[in-house]
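Heavy atoms only: backbone and side chains are in, while hydrogens, waters and symmetry mates are out. Protein chains get the first letters and strands the later ones, always in sequence-line order, with residue 1 at the start of each.
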Amino acid sequence: MLRLDGVQAGYDGTQVLWDVTLAAEKGAMTVLIGPNGAGKSTTLKVINGLVRPTRGHVVFQGEDITRTPAHERPGKGIAACPEGRRLFPLLTTEGNLRLGAYPKGARSSADETLTYVYELFPRLRERARVKAGRLSGGEQQMVGIGRALMSKPSILVLDEPSLGLAPKLVSEIFVKIRELREAGLTVLMVEQNAYAALRIADFGYVMQNGHVVKSGPPNQLLDLEELRKAYFAIP
Amino acid sequence: MKWPKLRAIGPSLWGIGVFLLVLGGLAPWIPRFPLTILVNLLIFAALAYSLNFITGLTGYVNFGHVVFMAVGAYTLGYTVGTIRLHPLGGVALGGLMALVLALGLGAVTLRFRGVYFAIASLVTPLAGLNIVLVLPALGGGQGILLNIGFDPLSWFYTIWAIIATEVGLTYWITHGRLGYGIRAIKSDEDAAKSLGVNAPRLKLFLFALSGLFAGATGGVYAWTTSGVFPEAAFDLTFSLRMLAMIVIGGMGTLLGPLIGAIAVYLPSRFFLTIFIGTESIIIGLVVIVIALFVPGGIVGTLRKYVPELRRILE
Amino acid sequence: MSRTLEASEIHKYFGGVKAVQGVSLTLETARIIGLIGPNGSGKSTLLNVIAGIEKPTKGTVTVDGRRVDGWPAHRMVELGVAKTHQIPKPFLGMTCRENVAVAMMYGSRREGEPASALEESRRILAMVGLDRRADAPASNLTVQERKRLEFARVLATGAGLVLLDEIFAGLSPDELRDAIALFARVQKEQGFGALVVEHVMRAVMILSDFVVVIEEGRKIAEGSPKEVVEDPAVIEAYLGSEATNVTP
């Protein structure tokens, strides 16, 4: 469904991605793991259109979107939940969620989708009138994911959903993400927390220093020794 | 620091030096009317050089520079008016008072960066004016009228000496170790600090120099006008005109303030009768155009596009 | 002359955010200490506190036994402790030589004459491989060249203890190999002590004599590079806890 082909990218002359090729299959949960500084978040920014690759292609549902501007991508069905959530702190929970339904295809069915999001995260219905800035970290993460869902995406792209959350909350959020995948949504997730991510994944990629160094189904990647080598650059 | 060997001194300093010497030698033979115009021009040049110490060299835009001039003018007005001090003494004291004020003001406002410093500096002339208006000793709203006669040649040599000192100091500062520290601050203050540059002290030093010379020049100005008048002394457009001079001439350069003073003063002196009331608008427009399109000013731009001039113009 | 910097029980809070919570470490001449940790663990904040850019909320920093916490950055440089910026901050209007000369005149060397500082800066630029760019304006440098200039300036201050913030980021594998070799050579020649905050593990593993790992502002492990990467707490911090149970 989504494919990156030999992507190179960076910021201001500092190259971060040297050669990234990966694919997120339809209806599957794909995770991208690796230590910080490996280029995971940059890879997501390439997918969102926030960073333009210097080389390589991004293909989504058969269409080359390498040069599609970031603001047009949600309309094509790519919904992102950025790292650190990036909510609008002065808007209420519901206000933040409704903003997610901004793409044309999603506006008319916003009410239905909202009901769906509230069913998925009942906690958010209780907090609907609370300003996002006053929510707990876990609740904010739920709003972030909910807001991404509001655009009725074909693929949900998540950046480090576990960041800054207590272990109990991490597993709670991950259970929800798994539920989404069970319901048929395609998910691509970036995580440093390799174990938690691989547990719920269908397929995983390991990144190191801007390269994809390993890929495979979780049971092949869940090898502590191998992961440790990748994370700590042990030869 | 050792004095630079004469041969090592750059052409710009030579040029200004020769210009000043010739002017100084000719002055006694210049008729009174042209001489007063020359004195006025030199007063502007001296103000531009004084502002150049802080705004030109560090990039801290000071809209309140006119305050130092006002302090110098009032100091001269008060001391000459009440204790019959010689005007030269008034000029020296004026400089000193402005220096003290600059140390006090700078210790507070130089903590702000960029546009925040500029805004803080805007407040000082307004505050100064309101303080003076309620002080009977300084004549309140009436100001101070002096009866010290008409002596263009003394004015001339006083302002001449001030400019010569400013130019010499500017050269000394920009050509030594201090100059590197100052350029570093202007380029990136945080990086300068992290390489050991004591930025707060260096900025305060320049601000104090800037106050000292503006104060002394303010004294000379009060001397030439035989008095001080509050609305004129704290006139913000004076600050703007000084800024215009260094922007047009070339910020932080040795020649820039002089060239800028000539470029601003002479046209406004002679077109005043034609474009009455619109003079500030014209200066404002010129400054905007220069700041947008030729940020180096006259000197900076010539240096940039005519490489042969780089060794000559500073 | 051997120098010792000791940071003890450093805390740094920003409002309610506790960025650093009681970290201690020691930096000595001729030793390279690696400081690692996941994103947002407080590494850069700790480095800024040690460099005098931030004041610690609690805790002390001493250099050769003298209390220096709360000293401004420029005094730390005079004392011989200098830091690079994660994003290089060259003086854009100056040439590379002039950039280095500023550090030479205002750092602990206190070189008084611009002419000799400019002359000497050639040697330092050559050391980091920037000799061919000596007279180029810093604004013309590439990002990687700017990083080298940043390093050259810190060397030029004459600092015996240097703090380096991610100087190896963004290099290709070949460039990284060269940069590590260059750094090792210069460090051996100059004999400075270095505290290296780094994401690029390869550099940390090869260069460090000792590694300190922090997570959420707290020290979770320290020891030789080999020791720390086998430490369960470190593995958990990086890879996630195996105990984080998720039932599919």
Side-chain angles (χ1 to χ4, degrees), chain A residues 8 10-16 18-19 29 33-41 83-84 160 162-175 177-179 181-182 191-202 208-211 218 222 224 227-235, chain C residues 17 34 36-41 43 86-88 141-147 166-177 180 197-207 211 213 215-216 225-232 234-248:
Chain A
Q8 298 191 11
Y11 311 91
D12 285 339
T14 302
Q15 189 158 355
V16 180
W18 293 89
D19 179 18
M29 163 110 194
I33 58 176
N36 48 53
K40 304 185 303 289
S41 291
E83 182 188 322
E160 302 246 7
S162 77
L163 195 75
L165 297 186
K168 194 171 160 288
L169 272 172
V170 173
S171 37
E172 209 180 305
I173 293 277
F174 277 26
V175 168
I177 295 172
R178 184 67 197 182
E179 271 180 45
R181 140 79 176 82
E182 301 297 330
E191 255 300 336
Q192 171 166 296
N193 195 327
Y195 272 85
L198 288 174
R199 286 269 161 83
I200 59 170
D202 298 305
Q208 192 196 340
N209 288 335
H211 299 263
L222 272 171
L224 181 63
L227 279 175
R228 212 170 60 87
K229 281 184 178 167
Y231 270 57
F232 298 113
I234 303 167
Chain C
V17 180
I36 63 171
N39 264 338
S41 54
K43 304 179 296 277
Q86 191 178 341
I87 297 160
L141 299 188
T142 65
V143 172
Q144 291 307 332
E145 286 173 329
R146 286 178 190 202
K147 288 198 159 187
E166 303 209 12
I167 56 170
F168 296 108
L171 298 170
S172 71
D174 287 350
E175 291 169 332
L176 181 62
R177 197 190 52 224
I180 291 174
V197 163
E198 196 54 72
H199 272 151
V200 179
M201 283 293 170
R202 209 169 116 203
V204 178
M205 299 296 290
I206 295 174
L207 291 171
V211 178
V213 190
E215 187 195 16
E216 289 174 11
K226 218 171 153 343
E227 279 164 20
V228 297
V229 300
E230 278 166 9
D231 190 308
V234 177
I235 295 170
E236 200 171 296
Y238 274 82
L239 287 166
S241 141
E242 282 184 89
T244 309
N245 278 317
V246 176
T247 29

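- Looking at I206(C), neither its backbone nor its side chain comes within 4.5 Å of chain A, counting heavy atoms on both sides.
- If you measure heavy-atom distances from V234(C) to chain A, the contacts under 4.5 Å come from both the backbone and the side chain.
- We find the CG-CG distance between L171(C) and N209(A) to be 9.5 Å, quoted to the nearest 0.5 Å.
- Of the two parts of E166(C), neither the backbone nor the side chain holds a non-hydrogen atom closer than 4.5 Å to a non-hydrogen atom of chain A.
- Looking at E145(C), there are no atoms closer than 4.5 Å to chain A (heavy atoms on both sides), in backbone or side chain.
- Closest of all the heavy-atom pairs between F232(A) and I235(C) is CE1-CG1, 4.3 Å.
- No more than 12 heavy atoms of other residues, nucleotides or ligands lie within 6.0 Å of CD in E216(C), so this atom counts as exposed by the packing criterion.
- Within a 6.0 Å radius of CD1 in I180(C), other residues, nucleotides and ligands contribute more than 12 heavy atoms.
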